[in-house]
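Treat the numbers as computed from the prediction; the structure is a model and nothing was measured. Letters A, B, ... are given to chains in the order of the sequence lines, protein chains preceding strands, and every chain is numbered from 1.
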Amino acid sequence: MNISISLASKKTRHGILKPTSNPPVIFTPGEKIRDEAGFMRGHGTYVSAGSLKATVAGVEQNINRLVTVSPLRCRYNGEIGDVVIGRITELVHKRWKVDLNARLDAVLLLTSIQLPGGELRRRGMEDEQSMRNYLSEGDLISAEVHSIFADGSLSLHMRSLKYGKLGQGVLIKVQSSLIKRSKNHFHNLTVGISIILGNNGYIWIEPTSNDNKDLVGLEDEFEQVVDIGDRQTISRVRNVILALSYYKMLIYDTSIQFALEESKKYTVSDLLTAEACYDIANLTRHRLQIMDE
Amino acid sequence: MDLLSRQGLRTDGRRSDELRRISCKMGVFNQPDGSAYLEQGNTKVLAAVYGPHEIRVNRSKAPNDCAVINCQYSMATFSRSERKRRPRDNKSAELTVHLKQAMTTAIKTDLYPKSQIDIFVEVLQSDGGNYSVCVNAATLALIDAGIAMEEFVISCTSSLANGEVPLVDISHLEETLGGPSITVAILPISGKIAMLETSQRMHINHVEPVLTEAMRGCRYIYDTLNKTIKKHYEEIGGALNWGTEEYNI
């Protein structure tokens, strides 16, 4: 067995990957951004003594007269239409509470899921009593943000065949800011693995299923055995995504695909070492840069 | 034993108005939302911030219009020269309350209704000014977590040597041998005081010079930490194309 030990101080810094030629101006909490006159106060700012000041550490962003400061890292702030992955935390009257790594738990109403028996079914008492049969505490789901309540919590829906309960696979958690927003968040990788990139920073990796999913997608699918090759590939994808996230690189289909191709020379367990992570992140960044040019 | 030699040097070789070496690192953990490691001289502290997140316990007691702030101060059993039996004792409970008081003044809690923010600080090595270093580390961790604050909260401890000379940023030796000490936590830009405490009775004539010295120390610490934060953000943000055209799509 190989044992590798390295000092914490030897860990590579993120700056090594991409030296910043002209770093943006960074404001820290309490620093004055500009005079208030003629500007509007946005997120991450407050007004004090006639000037706009930052409340978080970040760069200034202007949309016409609106001044906002966005932090580099914070909890997930939902937007309508986002694809999210969450875990059921509790069942309350006619709704499930879902943990999304956001400030507040989201709600999933009984009326916003598709029950067996088609679209036009009334939800009666029996459905309410058998909610735990559909989804119970600890279950993972993929869903879409339906609306945002006044207090900032989210309402979800699963009224589409692509959303539903998640069966066998691996969940990884990254910062929500690292997930690139794109048209499609469901990807089938060429290696026979499907991934769902949740906008809230949760990523689901599962083997690609060939047979069509049943209409509802609320049944457990734990009988099916995932073969060893698929499991190894899933672990490889997981390690590669974690390497990208350690070096703060955006995670989307192309970057994952490139990183997977670069990772071929390592075994799955070697991908956990700091050197391999650095190498993969570095090579992926080069390839992405070349593609951009 | 004299705390200040005739040449005006302290036992560790500093001058009376000199602070200890400060080094810090942000984002040391992956699991919490924000974390920081701060060293001031030989005092070493780790801070972790979780939240804002859904309130899990005592939900009925929680206020409806602002965030609940939950602090925990603890000292590692190996942090002092004599091994401690418990990491959290009565003294820690007191400091926890003070820490909560100081952090609450700066965090904009009204932006996070029905949520909870947890702040955990752990003293890894204790060499005087533990509370001050914990406040500073907690501030760094909160900034790393992207939690909205009015300003930094910066704290510093100072004391009196030979009954006349104010000493800034005192070490453990000066804490135990020296006279009364003042711990102050301020919001350095506006100069507001978030927390003020004296270790024992103090003559009224001494309060002002010692307090002035402590606040000067706070502003120095603020400048140092501010620089480190900006450097950290430039490094991390550079990898993300942060603040550039590419990032804003």
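Using a 4.5 Å cut-off between heavy atoms, B/Leu142 makes no contact with chain A at all. For a residue to count as touching a neighbouring chain, one of its non-hydrogen atoms must lie under 4.5 Å from one of that chain's; by this rule B/Ile147 touches chain A with the backbone only. Proximity to chain A (any heavy atom under 4.5 Å) is shown, for B/Asn30, by neither the backbone nor the side chain. Only the backbone of A/Ala102 comes within contact range of chain B, with heavy atoms under 4.5 Å apart. In this structure, the portion of B/Lys108 lying under 4.5 Å from any heavy atom of chain A is its side chain and not its backbone.
The line from CD1 of B/Ile229 to CD1 of A/Ile26 is 10.5 Å long, rounded to the nearest 0.5 Å. We find the CG-CD1 distance between A/Leu104 and B/Ile55 to be 8.5 Å, quoted to the nearest 0.5 Å. Between the OG atom of B/Ser115 and the CZ atom of A/Arg75 there is a distance of 9.5 Å, given to the nearest 0.5 Å. Separation of atoms OG1 (A/Thr28) and OH (B/Tyr222) is listed at 4.5 Å; rounding is to 0.5 Å. In this structure, the separation between CD1 on B/Ile189 and NZ on A/Lys53 is 6.0 Å, given to the nearest 0.5 Å.
Residue with the most contacts toward chain A among B/Asn226, B/Thr139, B/Leu111: B/Asn226 (heavy-atom pairs, distance under 4.5 Å).
A salt bridge links B/Lys230 to A/Glu31: at least one charged side-chain nitrogen sits closer than 4.0 Å to a carboxylate oxygen. A salt bridge is defined here as a Lys NZ or Arg NE, NH1 or NH2 lying under 4.0 Å from an Asp or Glu carboxylate O, and A/Asp105 with B/Arg56 meets this definition.
The number of heavy atoms from other shown groups lying within 6.0 Å of OH (B/Tyr131) is above 12. In this structure, A/Arg41 places its CZ atom where only 12 or fewer heavy-atom neighbours from other residues, nucleotides or ligands lie under 6.0 Å away. Atom NE2 of B/His53 has more than 12 neighbouring heavy atoms from other residues, nucleotides or ligands inside a 6.0 Å radius. With a 6.0 Å radius and a threshold of 12 heavy atoms from other residues, nucleotides or ligands, B/Asp110 has its CG atom above the threshold. Residue A/His43 places its NE2 atom among 12 or fewer non-hydrogen atoms of other residues, nucleotides or ligands, all under 6.0 Å distant. Heavy atoms of other residues, nucleotides or ligands lying less than 6.0 angstrom from CG of B/Asp118 number more than 12.
A donor-acceptor distance shorter than 3.5 angstrom exists from the side chain of A/Tyr46 to the backbone of B/Glu150, with no hydrogens or angles considered. In this structure a side-chain-to-backbone donor-acceptor pair under 3.5 Å is missing from A/Arg73 to B/Gly27.
The shortest heavy-atom contact between B/Gly146 and A/Val56 is O-CG1, 3.6 Å.
Looking only at side-chain heavy atoms (C-beta outward), B/Pro113 and A/Arg103 come within less than 4.5 Å of each other. Proximity of B/Glu151 to A/Pro29: side-chain heavy atoms (C-beta onward) are nowhere separated by under 4.5 Å. Counting heavy atoms from C-beta outward, B/Ile236 and A/Leu72 have side chains that approach closer than 4.5 Å.
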Q. What's the verdict on side chain to side chain contact (heavy atoms under 4.5 Å, CB included) for B/Glu54 and A/Lys97, showing C-alpha distance, side-chain angles and the deciding distance?
A. CA-CA 11 Å; B/Glu54 183 89 18; A/Lys97 287 289 189 87; 4.1 Å; yes

